[in-house]
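Encoded as structure tokens, the structure appears first; notes follow it.
Atoms within a ligand are numbered from 1 in the order they appear, just like the ligands themselves.
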Amino acid sequence: MAIWFSRSRNIGSQLQKCMKTREFLGSQTSWTSSPFQSSSSNVTSPALFLPNLRFNSSTISEKQLTSDSDDDPQVQSLDFPGGRVPYTSEMKFIWESSQNRVPCYRVLNDNGELIRNNNFQQVMSKEIAVKMYKDMLTLQIMDNMFYEAQRQGRISFYMTSFGEEAINIASAAALTKDDIILPQYREHGVLLHRGFTLLEFANQCLGNKADYGKGRQMPIHYGSNKHNYFNVSSPIATQLPQAAGVAYSLKMEKKDACVVTYFGDGGTSEGDFHAGLNFAAVMEAPVIFICRNNGWAISTNISEQFRSDGIVLKGQAYGIRSIRIDGNDALAVYNAIHAARDMAVREQRPILVEAMTYRVGHHSTSDDSTKYRALDEIDYWKMSRNPVSIFKKWIESNGWWSETEEAELRGNIRKEVLQAIQVAERTEKPPLAELFSDVYDHPPRNLQEQEKQLRETINRNPQNYPSDVPV
Ligand SMILES: Cc1ncc(C[n+]2csc(CCOP(=O)(O)OP(=O)(O)O)c2C)c(N)n1
Ligand SMILES: [K+]
């Protein structure tokens, strides 16, 4: 059973070991510095028997099926759609797990230093790096202040990205603005990086009339046509088959763009995960599936979620090129997504990225994660593996960032967030009629009746109706 994510005692003593290898689900994941490795397994090397996707339905002769003692290599294998399958007289089950876990690609160590023997070529300019850092810090401060606003009763609900800032911002930085995002709900940093303003975030969370959804959705359900960012929708994993479909449409239109979709480890237990991956693989759709494996789906630990070596191997099972990366190393995320995008668009294929990370905050404002996780586990990821601090150390060591700039930026962001919340609070709510608009050109009778009934109820009990929503 899980050692690393065990909710029981003595996690602190495991921490030292984790500096060199990551213990995840009871066995160790080692680090690698090459982004160009596909997932491995203990199955026969695929080189000879790669699926031939344009295989014609074959004519399998009786001889081929029966005479495996024949020396002719043609009859030592089964001619089958997808490529020849070798015969063997050894009855051998494929083991449920391999001894070695799929390694985790990283570039920086936890002190923000380039690891030795890495093949990282510095392609990241100062300009990109500084923007990434500023956005990571903005995301962190925004999350802090919106979270506090929820605690004060000013917003009804909120979700933070604490601990997952690098996945958010570094993946966004590696894409082009034409790439289409289908998020889960913990990726608002991607939208922030694309230029969605703090006021736009606040308008959505406050559900005022400037919100593009006209206040009909819960807070954090952002969406923006302008930023190629599909609406957040709460049901887990529905975005995955949708992403395959959107990517297939890009392919048909021969667009120079791909789809990027995000999901958590919990989402991989949904049927939609499997449908989405399989559809994308078979249709050769240019979509990057980014799984944020943060160890927990609310209170469900990954040891109760699946028994595989995480998610990365599931990509290979569907015929999708896949990689496992350190989600808390912004440089590794940037490099891997950059390479993934290039392959997705140029080679017209799906890619799966499993980013190992941790949700440092509670699942949402409706959760208390200390009820199911050990405090020192949270602390370790918050302090020693903090993606924002790791990246900050790297840009500082390049001479690209200083404490003076840090203090100034922090002060400015705080002021801007506060102002955004105040302005959004003062902005009028959408009028009641908007609850019934935008779906039908001519509202059907049942909707008209509902609106009439609602208005009658408000007239009878005006004290129960929020005074700031125009009737
Ligand atoms: C289909 C469906 N089932 C259950 C839920 C309730 N729910 C909301 S978030 C969540 C956990 C998801 O965890 P994960 O996919 O790992 O993402 P994370 O929150 O860790 O980023 C669940 C079960 C839901 N929204 N949709
Ligand atoms: K969804």
- Item | Side chain, backbone, both or neither: the part of S234 lying under 4.0 Å from ligand 1 by heavy atom | backbone

- Donor-acceptor under 3.5 Å (N294 side chain, W296 main chain): yes

- Query: Can you give me the O-the K ion (ligand 2)-OG angle for P235 and S233, to 10°?
  - Reply: 110°

- Note on the structure: Near P235 (heavy-atom distance under 4.0 Å), the atoms of ligand 1 are 26 (N)

- Protein heavy-atom partner closest to atom 14 (P) of ligand 1 - residue, atom, separation in Å: G266 N, 3.6 Å

- Item | Element-labelled atoms of ligand 1 that are located less than 4.0 Å from some non-hydrogen atom of N294 | 18 (P), 20 (O), 21 (O)

- Under 3.5 Å side-chain donor-acceptor pair for E354 and N293: yes

- Do we see a donor-acceptor contact under 3.5 Å between the side chains of S322 and Q316? no

- Would you find a donor on one side and an acceptor on the other, under 3.5 Å apart, between the side chain of E187 and the backbone of Y185? yes

- Message: How far is atom 3 (N) of ligand 1 from the closest protein heavy atom, and which atom is that?
- Response: E270 OE2, 4.1 Å

- Task: Start with the C-alpha gap between F201 and Y222, add the side-chain angles, then the distance that decides, and say whether ring pair (Phe, Tyr, Trp, His ring centres under 6.0 Å) holds.
- Result: CA-CA 7 Å; F201 282 113; Y222 313 109; 4.8 Å; yes

- Classify the contact between D265 and ligand 1 as side chain, backbone, both or neither, using a heavy-atom distance cut-off of under 4.0 Å. both

- Run the salt-bridge test on E425 and R154 with the 4.0 Å N-O cut-off and return the result as yes or no. yes

- Query: Does S234 bring an N, O or S atom to under 3.4 Å of the K ion (ligand 2)?
  - Reply: no

- Query: Is the shortest side-chain N to carboxylate O distance from E347 to R321 below 4.0 Å?
  - Reply: yes

- Of all protein heavy atoms, the one nearest atom 17 (O) of ligand 1 is Q184 NE2, 3.1 Å

- Y358 and E377: side-chain hydrogen bond (donor to acceptor under 3.5 Å, both in side chains), yes or no, with the steps? CA-CA 10 Å; Y358 192 80; E377 176 182 309; 2.7 Å; yes

- Query: In the protein, which heavy atom is nearest to atom 21 (O) of ligand 1, and how far is it?
  - Reply: R292 NH1, 2.8 Å

- Note on the structure: of all protein heavy atoms, closest to atom 23 (C) of ligand 1 is I298 CD1, 4.1 Å

- Would you say Q184 reaches the K ion (ligand 2) with an N/O/S atom under 3.4 Å? no

- Item | Identity and separation of the nearest protein heavy atom to atom 15 (O) of ligand 1 | G267 N, 3.0 Å

- Regarding S303 and N301, is there a side-chain donor-to-acceptor distance under 3.5 Å anywhere? yes

- among protein heavy atoms, the one nearest atom 19 (O) of ligand 1 is Y185 OH, 2.5 Å

- Query: Hey, is the K ion (ligand 2) within less than 3.4 Å of some N/O/S atom on T238?
  - Reply: yes

- Note on the structure: side-chain hydrogen bond (donor to acceptor under 3.5 Å, both in side chains) with S234: of Q217, Q184, H221, only one passes, and it is H221

- Note on the structure: Residue, atom and distance of the protein heavy atom nearest atom 26 (N) of ligand 1 read I236 N, 3.0 Å

- Message: If the cut-off is 4.0 Å to any non-hydrogen atom of R186, which atoms of ligand 1 fall inside it?
- Response: 18 (P), 19 (O), 21 (O)

- Message: Which of the numbered atoms in ligand 1 are under 4.0 angstrom from any heavy atom belonging to W296?
- Response: 16 (O), 20 (O)

- Note on the structure: Nearest heavy atom to atom 13 (O) of ligand 1, choosing from S161, S364, A297, belongs to A297

- Query: So is F263 in contact with ligand 1, going by heavy-atom distances below 4.0 Å?
  - Reply: no

- Task: Taking R186 for its side chain and H363 for its backbone only, find out whether a donor-acceptor pair lies under 3.5 Å.
- Result: yes

- Task: Could you tell me whether the K ion (ligand 2) has an N, O or S atom of A237 under 3.4 Å away?
- Result: no

- Message: Using a strict threshold of under 4.0 Å (side-chain N to carboxylate O), is an ion pair present between K382 and D379?
- Response: no

- Using a distance-only test with no angle check, is there a side-chain donor-acceptor pair under 3.5 angstrom linking N100 and S98? no

- Task: Look at ligand 1 and say whether M159 reaches it with a heavy atom at a distance under 4.0 Å.
- Result: no

